[in-house]
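This report concerns only the one structure given below.
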Amino acid sequence: MEKFEVVNIETFGDLWQVYITNQLSSLQPQTQRNRIELAKFFDGITAIPLKDFTAELMSQYLTFKKQRCVKNKNHKRKSFDNELKLLRAVFNWYREHFDYRFVVPITKAHWKLSRITSEKKTINKMTEHELIRFLNAIDSEVYRDLAIFQFLLALRVQEAAGVRFESVDLDKATVLIKDVIVWGRNKRFESLKEVPKNGEIRCCHLSNELIDIVKRRFQYFDKEHGLMFHDRGHPLSYRAIQYHYNKALKKVGLYGKFSSTHFIRHSMATLTRIHCGSLEVVQAVTGHKDQKLVQHYAKFAPSDHQKMAVNLLSEKLGALSSL
């Protein structure tokens, strides 16, 4: 267990300051900013002694926060889920490092209580025909290539935008998904993070369509960052990606049914399940694995499942790179 300087922690405000100094400061800059923003939720509990925190007190506080939020007719908040996650993380950190007897006062009932409006279920999986229409409608070559790359490898958009040429091995037809773009509050490029969201670097097979994209993008090689996808040497901003994706969705009448960027990853997972019929293949494609990074380094080769899915979906959807 990591040891910290002995400090007097009596109130939640004391705990939050110690957490900032010893834990928050070690996280990525974007994560720090996000958590500081979420911490506004704590404004009414900073003076409360830790010994007084109970499940009942948390219920009362959540109810108070919800009522205050609803009074603002212009509010767009759907829940306090993210705030609760952070609060639970802080309490768990305190319990692990300072007081193992401390009882975290957040229960399952609080997640239900944190809901302000019921979220409408959105469709985030395209059919093959919808996907082809969407890709055809992207009028920028670099953003179309990005979307195809993101789809066939079932990547998060920050993973696709962060792919570097040094991660590609054309002889083996593989690419390492390891560099991730970090966008700041203005949604512009801030930095490259060396490990994906799930903490795993993974090796993916490149189909012929993807190899064609790699070769095409290499004509515009950027020496500064070595990124495969960029805008005249500048790393892609999230706003620009979202703009081009949404523009294409509007063009083919799919905007509203789909939005943002994550639907592309979901679509690949769904179509893989349909055509390959195996959850193991879906897991191989999306990279959803609960393994340590060091274990993953030991087998840097695309799985047979992932290779099969990429090749099959490439064939099913036609020569996407020529769209």
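A quick note: this is a predicted structure, and the numbers were derived from the prediction, not measured. What's counted below: heavy atoms across the whole structure, side chains too, no hydrogens, waters or symmetry copies.
Taking both residues in full, the closest heavy atoms of Y245 and S260 are given as CD2-O, 4.0 Å, listed atom of the first, atom of the second, then distance. The two residues A248 and A137 come nearest to each other via the heavy atoms O-CB, 3.6 Å. The two residues I211 and A173 have their closest heavy-atom pair at CD1-CB, 4.0 Å.
Note that CG of L146 and CD1 of I138 are 8.0 Å apart. Values are rounded to the nearest 0.5 Å. Distance check: I177 CD1 to L153 CG gives 5.5 Å after rounding to the nearest 0.5 Å. Atoms CZ and NE2, from F221 and H230 in turn, are 8.5 Å apart once rounded to the nearest 0.5 Å. Taken from CD1 in I9 to CG in D99, the straight-line distance is 9.5 Å, to the nearest 0.5 Å. We find the CD1-CG distance between I213 and D145 to be 4.5 Å, quoted to the nearest 0.5 Å. Here the CG atom belonging to D139 is positioned 11.5 Å from the CG atom belonging to N136, to the nearest 0.5 angstrom.
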Sequence neighbours left out, cut at 3.5 Å: what donor-acceptor pairs do the side chains of residues 160-167 make with other protein atoms?
{"from": "R164", "atom 1": "NE", "to": "H225", "atom 2": "O", "distance (Å)": "3.1"}
{"from": "R164", "atom 1": "NH2", "to": "H225", "atom 2": "O", "distance (Å)": "3.4"}

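No donor-acceptor pair closer than 3.5 Å links the side chain of S26 to the backbone N or O of N22. The main-chain N or O of A55 is found under 3.5 Å from a side-chain atom of S59 such that the two form a donor-acceptor pair. A donor-acceptor contact shorter than 3.5 Å links the side chain of Q150 to the backbone of T261. For Q32 (side chain) and L27 (main-chain N/O), a donor-acceptor pair under 3.5 Å exists by modelled atom type. A donor-acceptor pair is defined here as one N or O able to donate and one able to accept, closer than 3.5 Å; such a pair exists between the side chain of W183 and the backbone of L236.
Partners of T107 under the side chain to side chain donor-acceptor pair (under 3.5 Å) rule, at least two apart in sequence or in another chain, are H110. For K65, the side chain to side chain contact (heavy atoms under 4.5 Å, CB included) partners at least two apart in sequence or on another chain are F41, D43, Y61, R68, F80.
Side-chain atoms of L176 and C203, non-hydrogen and from C-beta on, do get closer than 4.5 Å to each other. Side-chain contact between N34 and L86: absent, with no pair of heavy atoms (C-beta onward) separated by less than 4.5 Å. Put simply, the side chain of L210 does not reach to within 4.5 Å of the side chain of V214, judged on heavy atoms. Contact check for P49 versus E10: no side-chain heavy atoms found under the 4.5 Å cut-off. Using a 4.5 Å cut-off on side-chain heavy atoms (C-beta onward), C69 and I116 make contact. Put simply, the side chain of L84 reaches to within 4.5 Å of the side chain of I106, judged on heavy atoms. Between L192 and I181 there is a side-chain heavy-atom pair separated by less than 4.5 Å.
When ring centroids are compared, Y94 and F91 stay outside the 6.0 Å threshold. Side-chain rings of F134 and F258 stay apart, their centers remaining 6.0 Å or farther from each other.
No hydrogens or angles considered: a donor-acceptor pair under 3.5 Å links the side chains of S114 and D81.
By the 30° and 60° cut-offs, the orientation of the rings of W16 relative to F12 is parallel.
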Exercise for the section: Let me see the working for D14 and T11 under side chain to side chain donor-acceptor pair (under 3.5 Å), right down to the final yes or no. Expected result: CA-CA 5 Å; D14 296 334; T11 66; 3.3 Å; yes
Practice task
For the pair R232 and D222, evaluate salt bridge (charged side-chain N to carboxylate O under 4.0 Å, His left out) and give the outcome as yes or no after the intermediate values.
Solution key: CA-CA 8 Å; R232 290 167 291 183; D222 166 47; over 6 Å; no
Problem - Verdict with reasoning, W93 to F98, per side chain to side chain contact (heavy atoms under 4.5 Å, CB included) - result: CA-CA 8 Å; W93 182 81; F98 294 97; 3.6 Å; yes
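Taking the charged nitrogens against the carboxylate oxygens, E141 and R217 do have a contact shorter than 4.0 Å, which makes a salt bridge.
When each of K66, R77, R35 is paired with E83, the salt bridge (Lys or Arg N to Asp or Glu O under 4.0 Å) condition holds for R77 and for no other. Applying the side chain to side chain contact (heavy atoms under 4.5 Å, CB included) test between L249 and each of R133, M126, E130 identifies M126 as the sole match.
For Y243, the OH atom is loosely surrounded, since the number of other residues' heavy atoms within 6.0 Å does not exceed 12.
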